[in-house]
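Quick note on labels: first sequence line is chain A, next is B, and so on, each numbered from 1.
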2 protein chains.
Amino acid sequence: MIDTTPAELRLNLGRNLTHGLLDALGRAIVTGQYDDGPFPTEAELAKQHGVSRSVTREAVKMLTAKGLVSARPRQGTIVQPRSSWNLFDTDVLRWLLNRKFSIELLRQFNQLRSAIEPEAAALAAVLADDGDLAAINAGLERMKAAETGADQILEADIAFHVAVLKGSKNPFFAQFQDVVATALRSSIQFTNRIKGHSASIPDHAAVAHAIVKRQPEKARTAMKKLVSDVLDLMDTVEQEKNGKAAKRR
Amino acid sequence: MIDTTPAELRLNLGRNLTHGLLDALGRAIVTGQYDDGPFPTEAELAKQHGVSRSVTREAVKMLTAKGLVSARPRQGTIVQPRSSWNLFDTDVLRWLLNRKFSIELLRQFNQLRSAIEPEAAALAAVLADDGDLAAINAGLERMKAAETGADQILEADIAFHVAVLKGSKNPFFAQFQDVVATALRSSIQFTNRIKGHSASIPDHAAVAHAIVKRQPEKARTAMKKLVSDVLDLMDTVEQEKNGKAAKRR
DNA sequence: ATGTCCTATTCGTCATATAAATGAACAGTA
DNA sequence: TACTGTTCATTTATATGACGAATAGGACAT
């Protein structure tokens with residue numbers, strides 16, 4: 001039942017048929033729909049989803065650009081090994097994290113955050129301009145204000161971390177704005193559990209304060225603590241899930 | 001003179017017309033060819049490069065997937081702001097680093113490496129399997145062996161760092177395999193200057209030794225030193241270039 | 001000045017035809 | 001048998017032409 005209709009494709013997420021098909025195929029690939037059987041041919045895809053070959057080809061081209069598939073004449077289109085998927089493409093990341101059983105991936109993502117964000121905070125403490133500082137403080141204030149609101153606090157949390165990344169003035173760190181935002185939004189089903197704990201206002205305030213005061217080392221350690229706490233909490237959750245045996249770190 | 005011919009497109013880098021056009025357009029965009037004027041319409045692009053609208057559309061779709069452009073009816077295709085380009089797409093990164101005047105970007109990339117690779121080394125010290133350890137040692141041996149060879153040492157260096165990233169067993173760190181490899185290869189024009197210094201065999205050996213001995217902290221600090229040295233050297237080069245005024249860091 | 005409607009432009013989609021690439025089967029040869 | 005070159009079928013790659021849908025911007029009326 002991987003077939004869809006044009007109407008469904010439009011609804012899905014895409015602004016148009018191509019994006020809808022892209023989304024459907026992306027989800028199907030990351031959930032392993034084509035792990036045993038081969039990827040359908042252009043003609044089959046077009047027929048299954050009730051769209052033209054043009055739409056099919058352009059969707060597949062976008063999948064190619066994201067590293068999920070490669071296409072060659074006679075061989076057909078083949079799903080690439082996971083190692084060549086572009087995990088920092090927000091579409092790919094969203095597809096992966098919206099799957100079931102992606103807690104481990106989310107944990108690994110937070111491992112990455114614990115490498116990235118402290119360094120970004122240190123850079124921001126040196127390089128952030130007035131606008132960045134204002135955005136960081138605004139995010140913090142939003143968190144304080146939304147301390148009661150349901151999911152507003154998630155968006156406030158995102159705004160804070162995004163502002164710090166932007167403040168680093170390094171485009172590679174700034175790139176993680178979208179990635180972090182996507183990851184946090186895509187993993188609500190897991191983070192709900194943690195939300196109450198992770199949204200530690202004082203810890204966030206410590207980061208903001210250090211950055212505003214232009215203290216890189218303090219900013220680094222404060223952010224390190226912030227992300228590490230989330231990571232530890234995730235480990236705890238995972239250990240509970242595993243019953244008793246905690247595997248690693 | 002941004003026009004090309006089909007033959008040139010095939011030669012460029014692409015296996016076919018679509019990839020050739022993708023490459024030509026990607027380079028043109030990152031070099032700011034369309035910063036003042038608007039991006040050409042489908043019909044114009046097809047005419048300028050002597051290809052059909054199908055090829056044009058599929059190339060533009062790939063650019064869309066990489067975040068370089070967005071397309072809407074009547075509005076046309078527009079180049080997105082740099083902040084939404086996917087810097088961790090190897091194509092985009094290569095286009096950017098092959099530009100002139102990208103030393104600053106390369107420095108910022110090494111800032112990222114100094115955040116990523118030490119953490120990856122620490123993880124590898126805990127999680128790397130026998131194959132990973134063998135690959136790390138192999139990379140080190142290749143560096144020793146190629147100490148005389150001209151550019152072989154670059155590939156050996158890449159192999160070493162890639163092996164460490166892979167050994168982290170974290171797909172997000174592993175993702176940087178391609179990114180780091182692309183960056184190092186794309187920046188030969190700058191790294192030639194540094195090569196002699198950066199290829200410090202003892203420092204690399206220290207990292208490998210710590211990982212094999214399962215000492216995460218030692219691996220982290222050793223890798224940190226390795227990348228920081230490159231970063232410092234780049235700062236020095238940049239300062240020389242700027243005459244006398246050193247700006248930051 | 002404001003809101004409504006119209007129209008030209010551009011991407012979006014569809015359909016069809018032909019070319020190019022390549023894996024596999026096959027035939028030929030030593 | 002083992003190797004080599006050829007043919008063939010399949011699938012993507014490219015080309016072409018047509019029509020639909022959305023909308024920016026102007027014309028127009030109020």
Using residues 177-184 of chain B as the side-chain source, report each donor-acceptor pair under 3.5 Å to any protein atom, sequence neighbours left out, with the distance given to one decimal.
| from | atom 1 | to | atom 2 | distance (Å) |
| --- | --- | --- | --- | --- |
| B:Gln177 | NE2 | B:Ala174 | O | 3.0 |
| B:Thr182 | OG1 | B:Asp178 | O | 2.7 |

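The nearest whole Å value for the distance from the CZ atom in A:Arg53 to the C1' atom in C:dT18 is 11 Å. Residue A:Leu22 contributes atom CG, which lies 13 Å from atom P of C:dG12 at whole-angstrom precision. Atom NE2 in A:His19 sits about 14 Å away from atom P in C:dC11, given to the nearest Å. Atom CZ in A:Arg72 sits roughly 23 Å away from atom P in C:dA19 (whole-Å rounding). Note: NE2 (A:His49) to P (C:dT13) measures 14 Å, nearest angstrom. Spacing between atom NZ of B:Lys47 and atom C1' of D:dA15 amounts to 17 Å, rounded to whole angstrom units.
Near DNA chain D, defined here as any heavy-atom distance below 4.0 Å, the residues from residues 73-84 of chain A are A:Pro73, A:Arg74, A:Gly76, A:Thr77, listed numerically. In the region residues 56-67 of chain A, proximity to DNA chain D at under 4.0 angstrom, judged on heavy atoms, holds for A:Arg57, A:Lys61.
A salt bridge between A:Glu155 and A:Arg185 is present, with a side-chain N of the basic residue lying under 4.0 Å from a carboxylate O of the acidic one.
With sequence neighbours left out, the side chain to side chain contact (heavy atoms under 4.5 Å, CB included) criterion links A:Ala121 to A:Val164, A:Ile211, A:Ala219, A:Met223. Remark: B:Glu141 pairs with B:Lys144 by the salt bridge (Lys or Arg N to Asp or Glu O under 4.0 Å) rule, at least two apart or across chains. B:Phe88 pairs by the ring pair (Phe, Tyr, Trp, His ring centres under 6.0 Å) definition with A:Phe88, A:Phe176, B:Phe176, not counting sequence neighbours. Remark: B:Arg53 engages B:Glu42 in a salt bridge (Lys or Arg N to Asp or Glu O under 4.0 Å) (not counting sequence neighbours).
Distance CG/A:Asp23 to CZ/A:Arg94: 5.5 Å, rounded to 0.5 Å.
The list of side-chain hydrogen bond (donor to acceptor under 3.5 Å, both in side chains) pairs with a residue in residues 76-85 of chain A, not counting sequence neighbours, reads A:Ser70-A:Gln80. Legend: salt bridge (charged side-chain N to carboxylate O under 4.0 Å, His left out) pairs involving residues 28-37 of chain A, not counting sequence neighbours: none detected.
Of all nucleotides listed (C:dG12, D:dT11, D:dA13), C:dG12 comes nearest to the side chain of B:Ala71.
Residue-level contact check: A:Ser54 touches the bases, meaning some heavy atom is under 4.0 Å from a base atom.
Within the 4.0 Å cut-off from OP1 or OP2 of D:dT14, not a single side-chain nitrogen or oxygen of B:Ser52 is found.
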